[in-house]
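On a predicted model such as this, the values are computed, not experimentally measured, just so you know. FYI, side chains are in, hydrogens and waters are out, and symmetry mates aren't considered; it's all heavy atoms of this structure.
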Amino acid sequence: MFTKTLKASALTTSALLVAGAITAGVATAETLTLNQYVLPKHVVVKDGTLPFIEEVKQATDGELDFKLFTGGTPLSAQATLGGLQAGAVDAGMVILTYHPAEFPVVQYLNDLAAPTGDTLVVAGAFNEYVMTKCQRCQEEFKAAGITFTGSYTAAPLNLVNREVYRTSEDLAGKRVRIPGGDFNSRWANHFKLSPINVGGSEVYEMMNRGAVDITLNPAAILQTHSLGDVAKSVITLPVAMHRVSSPYVFSAESWANLTEQQRRAVLGSAAVAMMRITGAYLKESEAALEEAVANGIEVIEPGEELVASMSEFLEGDLETIYRNAREQYQIEDPEKIRDEFLALIEKWKGIAEETGRDPEKMGERLREDAYSDLDVSSYGL
């Protein structure tokens with residue numbers, strides 16, 4: 001069953017070689033290997049994973065620890081799911097939408113527009129829904145041979161521009177780099193943009209030589225990829241919120257080998273880590289925008305015309321999303337799922353207000369409201 005996602009024999013071979021190379025890192029069951037393809041200075045590592053590891057260690061009285069691998073060694077973002085299935089690592093960060101055939105409901109949930117610009121609210125609602133209300137999600141994870149422990153929500157995707165653009169008319173005909181996904185392609189077509197799907201590492205060079213006019217990214221890319229040197233404006237239109245990067249996905253076998261106390265420690269720490277990472281992403285993008293203004297880059301709040309056009313797109317695109325859910329993902333009740341998800345969005349708007357949008361406090365609420373009731377004797381098994 002698990003081999004359906006191992007689409008190339010090369011991946012299986014690579015994963016097995018990696019497993020052999022790091023066997024020494026898992027000499028005891030108490031030290032697990034954790035693969036994260038991002039660099040050590042990335043917010044996922046410094047704000048989420050390092051505290052997570054320490055908290056789990058303390059909660060288990062030192063009985064459970066992790067050997068952390070970063071920077072795409074041994075496994076890249078695309079290869080991590082296959083590596084988990086092949087036993088190359090015990091846990092790792094999986095971008096679930098890289099595997100829509102395996103996780104169609106999660107893909108659908110990520111496609112849905114959220115009626116809020118607050119990523120902390122979206123992260124809380126998404127995790128509570130997937131962990132406690134989405135039985136099919138859990139069945140998909142089980143079929144793929146993994147255990148899900150939560151996802152963070154990245155900062156909203158904004159328009160980072162080579163020149164100064166303000167209106168839909170300004171955008172028409174421009175070449176926009178999108179981070180993949182049918183939703184982003186449909187959005188680009190609505191605004192009469194020409195979408196280009198390239199990796200984030202290529203954006204600087206392409207924008208510098210005029211091959212890309214706009215990139216759809218969190219504003220932090222101005223700093224993380226030096227786009228502040230070539231961009232002249234940012235339109236803070238929240239086009240989409242990526243909410244499906246899951247940093248602590250466990251292989252089913254490794255999860256089953258944990259004691260119930262260890263599983264409880266992992267889940268409790270993961271809940272807070274998801275909100276910490278989400279908050280850190282926001283803080284990073286806000287800092288990038290402040291620096292952009294100081295450096296003469298125009299930070300443009302979208303005008304009424306642009307907002308209206310975005311609303312028109314979202315309203316018209318909903319039927320496409322429903323149709324894709326039924327035909328492509330075989331989801332019989334996409335409207336019901338959306339209604340349940342939006343109800344949780346409203347709940348988490350209230351929690352955000354109660355906690356002052358403090359990521360730590362919101363993480364504690366996520367642990368209390370969603371994770372604490374999970375049965376660790378059966379969850380993920």
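The residues D118 and R357 are annotated as salt-bridged, a charged nitrogen and a carboxylate oxygen being separated by less than 4.0 angstrom. No salt bridge links R276 with D47; every basic N to acidic carboxylate O contact stays at or beyond 4.0 Å. Salt bridge annotation for K283-E286: absent, with no cationic side-chain nitrogen under 4.0 angstrom from a carboxylate oxygen. E340 has a carboxylate O that lies under 4.0 Å from a charged side-chain N of K336, or vice versa, which qualifies the two as a salt bridge. A salt bridge does not link E128 with K133: every distance from a Lys NZ or Arg NE/NH1/NH2 to an Asp or Glu carboxylate oxygen is 4.0 Å or more. At a threshold of 4.0 Å, the pair R136-E140 counts as salt-bridged, since one of the basic side-chain nitrogens sits closer than that to a carboxylate oxygen. Salt bridge annotation for E335-R326: present, with a cationic side-chain nitrogen under 4.0 angstrom from a carboxylate oxygen.
T236 and N158 are not linked by any side-chain donor-acceptor pair at a separation below 3.5 angstrom, with hydrogens and angles left out of the test. Side-chain polar atoms of Q36 and T49 form a donor-acceptor pair below 3.5 angstrom. The closest side-chain donor-acceptor pair between T60 and Q261, if any, does not fall under 3.5 angstrom. Residues N110 and T97 bring no donor and acceptor atom of their side chains to less than 3.5 Å of each other.
For Q107 (side chain) and H99 (main-chain N/O), no donor-acceptor pair under 3.5 Å exists by modelled atom type. In terms of modelled atom types and a separation under 3.5 Å, the side chain of T147 and the main chain of G380 share a donor-acceptor contact. Listed for the N127 side chain is a donor-acceptor partner under 3.5 Å among the backbone atoms of A123. Judged by distance alone, the side chain of Q330 and the main-chain N or O of E327 form a donor-acceptor pair under 3.5 Å. Checked by atom type and distance alone, the side chain of S246 pairs as donor or acceptor with a backbone atom of G150 at under 3.5 Å. Checked by atom type and distance alone, the side chain of S285 pairs as donor or acceptor with a backbone atom of A220 at under 3.5 Å. Between the side chain of Q262 and the main chain of T259, a donor-acceptor pair closer than 3.5 Å is present. With hydrogens and angles ignored, the 3.5 Å screen pairs a side-chain donor or acceptor of R243 with a backbone N or O of L109. Remark: the backbone N or O of A144 is paired with a side-chain donor or acceptor of Q85 at under 3.5 angstrom. The backbone N or O of S309 lies less than 3.5 Å from a partner atom in the side chain of H190, making a donor-acceptor pair.
Minimum interatomic distance between E55 and S269 (heavy atoms only, all atoms of both residues): CB-OG, 3.5 Å. Residues L306 and T167 share a closest heavy-atom pair of CD1-C, 4.0 Å. Looking at every heavy atom in both residues, P218 comes nearest to L157 through CD-CD2, 3.4 Å. Taking all atoms of both residues into account, the shortest heavy-atom contact from G279 to P359 is CA-CG, 3.9 Å.
Residue I146 holds its CD1 atom at 13.5 Å from NZ of K142, rounded to the nearest 0.5 Å. Interatomic distance, R177 CZ to N184 CG, rounded to the nearest 0.5 Å: 9.0 Å. One finds the CG atom of L120 at 8.0 Å from the OG1 atom of T355 (value rounded to the nearest 0.5 Å).
Linking Ile, Leu, Val, Met, Phe, Trp and Tyr whenever their side-chain heavy atoms come within less than 4.5 Å puts V121 and M241 in one cluster. In the hydrophobic clustering of ILVMFWY residues, with side-chain heavy atoms under 4.5 Å counting as a link, M362 and L267 come out together. In this structure, V299 is not a member of the same hydrophobic cluster as M310, with clusters built from ILVMFWY side-chain heavy atoms closer than 4.5 Å. Hydrophobic clustering (side-chain heavy atoms under 4.5 Å, transitive across Ile, Leu, Val, Met, Phe, Trp, Tyr) groups L50 together with V38. Grouping the Ile, Leu, Val, Met, Phe, Trp and Tyr side chains by contacts below 4.5 angstrom, directly or via other members, places L96 with I331.
Residue V307 belongs to no hydrophobic cluster, having no ILVMFWY side-chain heavy atom closer than 4.5 Å to its own.
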How far apart are the C-alpha atoms of K57 and E54, what are their side-chain angles, what is the distance that settles it, and do they pass the salt bridge (Lys or Arg N to Asp or Glu O under 4.0 Å) test? CA-CA 5 Å; K57 190 174 181 180; E54 187 57 34; 5.4 Å; no
Might you work through the side chain to side chain contact (heavy atoms under 4.5 Å, CB included) test for V244 and V94, ending with a clear yes or no? CA-CA 8 Å; V244 288; V94 176; over 6 Å; no
Go through V234 and I300 one step at a time and tell me if the side chain to side chain contact (heavy atoms under 4.5 Å, CB included) criterion holds. CA-CA 6 Å; V234 179; I300 300 166; over 6 Å; no
Could you walk me through whether S233 and N161 pass the side-chain hydrogen bond (donor to acceptor under 3.5 Å, both in side chains) test, one step at a time? CA-CA 5 Å; S233 70; N161 312 310; 3.0 Å; yes
Step by step, would you call R166 with E298 a salt bridge (Lys or Arg N to Asp or Glu O under 4.0 Å)? CA-CA 10 Å; R166 301 182 187 278; E298 283 201 53; 2.6 Å; yes
With side chain to side chain contact (heavy atoms under 4.5 Å, CB included) as the criterion, how do K349 and T116 come out once you've worked through the C-alpha distance, each side chain's angles and the decisive distance to 0.1 Å? CA-CA 9 Å; K349 284 181 180 178; T116 177; 3.9 Å; yes
Please lay out, stage by stage, how Y281 and H42 fare under the test ring-ring contact (aromatic ring centres under 6.0 Å, His included). CA-CA 10 Å; Y281 257 106; H42 195 283; 5.7 Å; yes
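Taking the ring centroids of Y108 and Y329, they lie at or beyond the 6.0 Å cut-off. Between F103 and F141, the distance from one ring center to the other falls under 6.0 angstrom. Between F191 and W187, the gap from one ring centroid to the other is short of 6.0 Å.
Among pairs with a residue in residues 367-381, those fulfilling salt bridge (charged side-chain N to carboxylate O under 4.0 Å, His left out) read K347-D369, R365-D369, at least two apart in sequence or across chains. The ring pair (Phe, Tyr, Trp, His ring centres under 6.0 Å) pairs that include a residue from residues 224-276 are F52-Y248, F250-W255, where partners are two or more places apart or lie in different chains. Screening residues 56-161 for disulfide bond (SG atoms under 2.5 Å apart), with sequence neighbours left out, gives C134-C137.
No side-chain heavy atom of Q58 sits less than 4.5 Å from a side-chain heavy atom of I53. Contact annotation: the side chain of F69 never approaches that of L34 to less than 4.5 Å [non-hydrogen atoms, C-beta and beyond]. Considering only heavy atoms from C-beta on, F183 comes within 4.5 Å of L314 through its side chain. No side-chain heavy atom of L75 sits under 4.5 Å from any side-chain heavy atom of L84. Contact of the N189 side chain with the K192 side chain is not registered, since no non-hydrogen atoms from C-beta on lie closer than 4.5 Å.
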Side-chain atoms of residues 207-215: list all donor-acceptor pairs with protein atoms under 3.5 Å, sequence neighbours left out, distances to 0.1 Å.
from : atom 1 : to   : atom 2 : distance (Å)
D213 : OD2    : R175 : N      : 2.8
D213 : OD2    : R175 : NE     : 3.2
T215 : OG1    : N217 : OD1    : 2.5

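Scanning for side chain to side chain donor-acceptor pair (under 3.5 Å) contacts around S226 gives an empty result, with sequence neighbours left out.
A 6.0 Å sphere centred on NZ of K361 holds no more than 12 heavy atoms belonging to other residues, nucleotides or ligands.
R263 pairs in a side chain to side chain contact (heavy atoms under 4.5 Å, CB included) with only one of the listed residues (T149, L64, L381), which is L381.
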